[in-house]
Every structure is written in structure tokens, then in C-alpha cells.
Amino acid sequence: MIDTIREDVKFVYKYIHNVNKLKNKSILITGATGFFGKWILEIFYYMNTELNYNINITILTRSFTKFILKYPKFKYYNLCYIEGDIRTFELSKNAHYDFLIHAANDNLEEVNPKEMYNLITGGANNVIYLSKLFDIGRVLFISSASVYGKENYDIDKISEYTICNPTTAYGKGKKYAEDKFLDSNIDVVISRCFSFVGPYIELDIHYAIGNFIRNVINNEDIIIKGDGRAYRSYMYMADLVYWLLSILINANTKTIYNVGSDIEISIYDLAKLVSNSINDYTGNIKILTKPDYTIPPERYIPDNTKIKKELNVKENYNLDYSIRRTIEWNIMNGEKYE
């Protein structure tokens with residue numbers, strides 16, 4: 001069986017400048033069992049097993065046993081682990097980490113926004129405290145484009161200099177955490193992440209592209225709850241980890257970068273693209289909301305000029321290929337969502 005993810009991380013690895021700085025280092029990862037975290041583990045595992053990087057990896061998880069039961073391949077990754085809550089976990093007195101990747105990214109907006117806000121803010125405070133106490137070399141905080149606030153009608157692309165006005169508990173929590181990190185005396189760099197697609201994406205939560213992929217795999221109709229005119233962009237996960245590690249290694253301290261594709265697509269065109277990704281798909285695309293053409297469509301597209309210019313990164317995967325690769329991986333791995 002083709003190892004899609006191994007192929008992808010092997011491909012993007014060669015573009016990471018100064019990646020040798022990670023050799024023989026110790027890295028703590030929060031959120032390692034999530035969408036972003038599993039991809040970060042994949043590229044580190046490739047670097048350790050194929051290239052002898054000897055990176056010591058420790059992950060924070062609520063339950064290592066549950067993680068391994070769901071994703072048994074990771075039991076061979078020789079991970080050290082800490083079980084605990086992001087807000088209260090502790091490190092052993094002799095702990096040493098050169099880098100900390102703070103990728104804890106639970107979005108419980110629809111379930112319990114207050115608890116989610118507390119997780120984000122409390123987690124940031126604890127990570128800052130431990131980073132100071134144990135003199136951790138550098139922290140990468142994986143933030144979110146939700147700090148910018150509601151979708152824009154009049155901004156073509158959102159830059160790092162766009163005024164932040166978060167409207168959700170998730171966005172407010174991330175902005176609070178950003179400010180706390182920037183006000184601390186630790187060496188921190190920040191990524192504001194937009195939308196992504198690739199293996200490990202959850203197909204049964206509130207992200208349009210994941211829902212559409214689930215629909216075509218199950219040969220169901222694609223349901224667009226809005227009018228389909230809103231514009232989004234999607235980056236493939238292999239490019240995400242390449243960009244994140246570029247920030248971790250090469251960014252100047254306390255720099256913020258947008259991370260995401262700047263190639264826009266409407267939600268309706270996205271649905272058509274996904275529906276054309278499986279030859280025997282027979283479902284239909286259904287739009288539930290009648291469009292009001294007196295109102296311009298919402299736009300949520302990053303301006304990624306800054307990171308491309310300063311860190312010399314690029315996108316390697318187009319959206320059509322990214323979708324097909326994600327679908328193939330889900331089918332090969334028996335993923336099915338009802």
C-alpha cells in the first residue's frame with residue numbers, strides 16, 4: 001500500500017531551510033493528536049527513521065492509550081508522552097526541551113464556547129509559565145485566522161496588519177493567547193492558520209471541505225447551507241507542516257505569519273471540484289439559501305506575501321490534487337463517516 005503521508009512529507013522536507021538545526025533536539029508538542037499534530041509527528045518520524053535526525057519527541061495528550069488505539073501506527077514512533085490537561089500539566093523537574101510547538105487547537109464553539117475559551121487561555125498561560133520555568137528555547141504558537149473576526153466583504157485578502165476583531169469565543173481565546181505570548185519574555189513565533197485539507201482531516205465536523213469529501217465518499221448529495229458564493233482557500237497539509245517548521249526554525253522572534261493558500265475558490269465551485277474527484281459519484285449539489293446579489297460574497301483569504309518573502313516558502317500542491325489525495329487516503333484507510 002502506498003504511504004501517502006510519507007511520500008508527502010518526504011517531498012516537502014527538502015524545501016525547509018536550515019532544517020539541520022533540529023538534529024538531536026528535544027521537542028514538546030501540545031495538540032499532537034489533532035489534525036495538525038499528527039502531520040507534525042509524521043514529518044518528525046520521517047526525519048528520525050529515514051534521515052537519522054535523532055529528535056526526541058514528547059507529546060501532551062489526554063489519553064495516550066486512546067490515541068494509540070485509534071491510530072495504532074503511532075505506537076511505533078517511539079514517542080514519549082505526558083497525559084494531562086493543557087491548563088494544568090506539569091513537566092518533570094529534570095525536563096529539557098529545545099522547542100515547544102503549542103498546537104492544542106480544540107474548537108468546541110458549537111458545544112461549549114466558555115470551556116473552549118478557558119482551554120485556550122488557560123493553556124497559553126500554562127505553556128508560558130513552563131517555558132519560562134524550564135528555559136525552553138523557542139515556542140511556536142499555532143494560532144488561527146479567527147483572530148481577525150467576521151468574514152470580510154470589502155477586504156480582498158487579509159494581511160497580518162489587518163485589525164483583529166474576533167467575534168467568537170475561539171477567536172477571542174486565540175487573540176488573548178497571542179497577546180500573552182507576545183508580552184512574555186520567551187522566544188515565541190506565531191502562525192495564524194486559515195483552512196486546510198489532507199489526510200487526517202475530520203470529515204464529520206463543521207468544515208465544508210471535509211463534509212463535501214465525506215459526501216462523495218459515501219455517494220451522498222452535497223449540501224451547501226449558505227448560498228455558495230462565499231470565498232475560501234485551502235492549503236494541503238504537507239505544505240502546512242513545511243511552512244510551520246520554516247517558522248519554527250527561521251522566523252525572527254515574536255513574528256506573526258499568516259499560513260494558508262492565497263488561491264481563492266467559492267464554496268459552490270469547491271463543491272463541484274470535490275464532486276468531480278470520484279468518477280462514479282452520482283450525487284447532486286444542493287444549495288439551501290437563495291443568494292442575495294445585492295450583498296457581495298464573504299471573503300476569507302489570507303495575504304501570505306510576508307511569509308513567502310521573508311522565509312522563502314511556496315505552495316507545492318494545487319487544490320484539485322490535494323482533494324484527490326485526501327479522498328484516496330480516506331478510502332485506502334477505510335475511513336467512512338455516516
Side-chain angles (χ1 to χ4, degrees), residues 1-20 22-23 27 29 31-55 57 59 67-68 70-79 101 103 142 191 193-203 207 209-210 212-214 216-217 233-249 259-261 263 273-274 276-279 308 311-336:
M1 181 182 292
I2 296 173
D3 190 334
T4 301
I5 299 173
R6 176 57 66 97
E7 284 187 346
D8 292 337
V9 296
K10 180 179 180 180
F11 176 75
V12 297
Y13 161 82
K14 62 181 179 286
Y15 294 115
I16 306 171
H17 300 295
N18 301 314
V19 69
N20 285 345
L22 297 180
K23 281 189 173 180
I27 302 177
I29 308 172
T33 60
F35 184 28
F36 287 15
K38 289 193 286 288
W39 270 88
I40 294 169
L41 291 180
E42 293 280 13
I43 195 166
F44 285 157
Y45 185 63
Y46 164 72
M47 291 162 65
N48 278 345
T49 56
E50 300 292 331
L51 305 173
N52 299 313
Y53 263 69
N54 191 36
I55 301 170
I57 303 167
I59 69 171
F67 175 54
I68 294 302
K70 188 171 183 180
Y71 300 101
K73 66 180 291 186
F74 286 102
K75 69 182 178 182
Y76 302 109
Y77 282 36
N78 297 318
L79 301 171
I101 300 176
I142 298 180
S191 63
C193 296
F194 281 72
S195 299
F196 303 88
V197 64
Y200 293 130
I201 190 173
E202 294 284 350
L203 305 184
Y207 295 120
I209 195 165
F212 296 168
I213 289 171
R214 181 197 67 215
V216 299
I217 290 174
S233 66
Y234 297 90
M235 174 178 275
Y236 189 57
M237 287 298 292
D239 278 333
L240 169 72
V241 292
Y242 149 47
W243 285 30
L244 290 179
L245 292 190
S246 297
I247 295 171
L248 177 70
I249 298 166
V259 174
S261 174
I263 302 172
L273 191 63
V274 174
N276 290 330
S277 298
I278 293 183
N279 291 332
K308 286 181 175 178
L311 300 186
N312 194 28
V313 296
K314 64 176 183 176
E315 289 183 67
N316 296 286
Y317 298 86
N318 66 42
L319 183 54
D320 180 52
Y321 181 81
S322 301
I323 291 168
R324 291 177 185 275
R325 202 142 175 88
T326 304
I327 291 172
E328 289 168 1
W329 181 87
N330 276 276
I331 292 173
M332 282 193 302
N333 286 274
E335 299 285 352
K336 191 173 180 68

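Worth saying up front: this structure is predicted, and the values here are computed from it rather than measured.
- Contact annotation: the side chain of Thr49 approaches that of Arg6 to within less than 4.5 Å [non-hydrogen atoms, C-beta and beyond].
- Taking Asn78 as the reference, nothing meets the side-chain contact (heavy atoms from CB on, under 4.5 Å) condition, with sequence neighbours excluded.
- Interatomic distance, CD1 of Ile68 versus CG of Leu79, reported as 6.5 Å (0.5 Å rounding).
- With sequence neighbours excluded, the residues forming a side chain to side chain donor-acceptor pair (under 3.5 Å) with Tyr321 are Arg325, listed by chain and number.
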Side chain to side chain contact (heavy atoms under 4.5 Å, CB included) for Leu245 and Val12? Distances and angles first, verdict last.
CA-CA 11 Å; Leu245 292 190; Val12 297; over 6 Å; no
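- Within the model, atoms CD of Glu328 and CD1 of Ile278 stand 9.5 Å from one another, a figure rounded to the nearest 0.5 Å.
- Across all their heavy atoms, Cys193 and Phe36 have their closest contact at SG-CE2, 3.8 Å.
- Legend: residues meeting side-chain contact (heavy atoms from CB on, under 4.5 Å) with Ser322, ordered by chain and number and at least two apart, are Val197, Tyr236, Tyr317.
- Of all non-hydrogen atoms in Leu22 and Ile55, the two that sit nearest each other are O-CG1, 3.3 Å.
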Ring pair (Phe, Tyr, Trp, His ring centres under 6.0 Å), that's the test. Do Tyr77 and Phe44 meet it? Break it down for me.
CA-CA 9 Å; Tyr77 282 36; Phe44 285 157; over 10 Å; no
Output, in order, the C-alpha distance, side-chain angles, deciding distance and verdict of side chain to side chain contact (heavy atoms under 4.5 Å, CB included) for Ile101 and Ile27.
CA-CA 7 Å; Ile101 300 176; Ile27 302 177; 4.2 Å; yes
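- The structure places CD1 of Ile213 at 7.0 Å from CG of Asn330, a figure rounded to the nearest 0.5 Å.
- Surrounding NZ of Lys70 are at most 12 heavy atoms belonging to other residues, nucleotides or ligands under 6.0 Å away.
- Taking the six-membered ring where the residue is Trp, Tyr242 and Tyr15 present tilted rings, their angle falling between 30° and 60°.
- Considering only residues two or more places apart in sequence or on other chains, Asn18 meets the side-chain contact (heavy atoms from CB on, under 4.5 Å) condition with Lys21, Ile249, Asn250.
- Not a single donor-acceptor pair under 3.5 Å links the side chain of Trp329 to the backbone N or O of Asp3.
- Between Trp243 and Met235, the closest side-chain pair of non-hydrogen atoms falls below 4.5 Å.
- Applying the salt bridge (Lys or Arg N to Asp or Glu O under 4.0 Å) definition to pairs two or more places apart or across chains, those involving residues 32-49 are Glu42-Lys73.
- If you take NZ on Lys14 and CG on Asn316, they are separated by 7.5 Å, rounding to the nearest 0.5 Å.
- Residues Asp239 and Lys314 come closest through the heavy atom pair OD1-O, 4.0 Å.
- For the residue pair Val241 and Trp39, the shortest heavy atom distance occurs at CG1-CB, 3.5 Å.
- In this structure the side chain of Lys308 reaches within 4.5 angstrom of the side chain of Glu315, judged on heavy atoms.
- When every heavy atom of Ser191 is checked against every heavy atom of Val259, the shortest pair comes out as CB-CG2, 3.7 Å.
- Under the side chain to side chain donor-acceptor pair (under 3.5 Å) criterion, Asp320 pairs with Arg324, sequence neighbours left out.
- The closest side-chain heavy-atom distance from Thr4 to Met332 is below 4.5 Å.
- With values rounded to the nearest 0.5 angstrom, Leu244 atom CG is found 10.0 Å from Ile16 atom CD1.
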Test side chain to side chain contact (heavy atoms under 4.5 Å, CB included) on Lys10 and Tyr46; report intermediate values, then the result.
CA-CA 7 Å; Lys10 180 179 180 180; Tyr46 164 72; 3.3 Å; yes
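- Between Phe74 and Phe67, the ring center distance clears the sub-6.0 Å criterion.
- In this structure, the side chains of Leu240 and Ile142 stay at 4.5 Å or more apart for every pair of heavy atoms.
- Within the 4.5 Å cutoff, side-chain heavy atoms of Ile323 are placed close to those of Ile209.
- Of the possible polar contacts, one joining the Ser261 side chain to the Ile263 backbone as a donor-acceptor pair under 3.5 Å is found.
- Heavy atoms only, all atoms of each residue included: Ala32 and Leu41 are closest at O-CD1, 3.6 Å.
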In sequence, state the C-alpha distance, the side-chain angles, and the governing distance for Tyr200 and Ile5, and then conclude on side chain to side chain contact (heavy atoms under 4.5 Å, CB included).
CA-CA 10 Å; Tyr200 293 130; Ile5 299 173; 3.3 Å; yes
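- Looking at Thr326 and Pro199, their side chains come closer than 4.5 Å, going by heavy atoms from C-beta outward.
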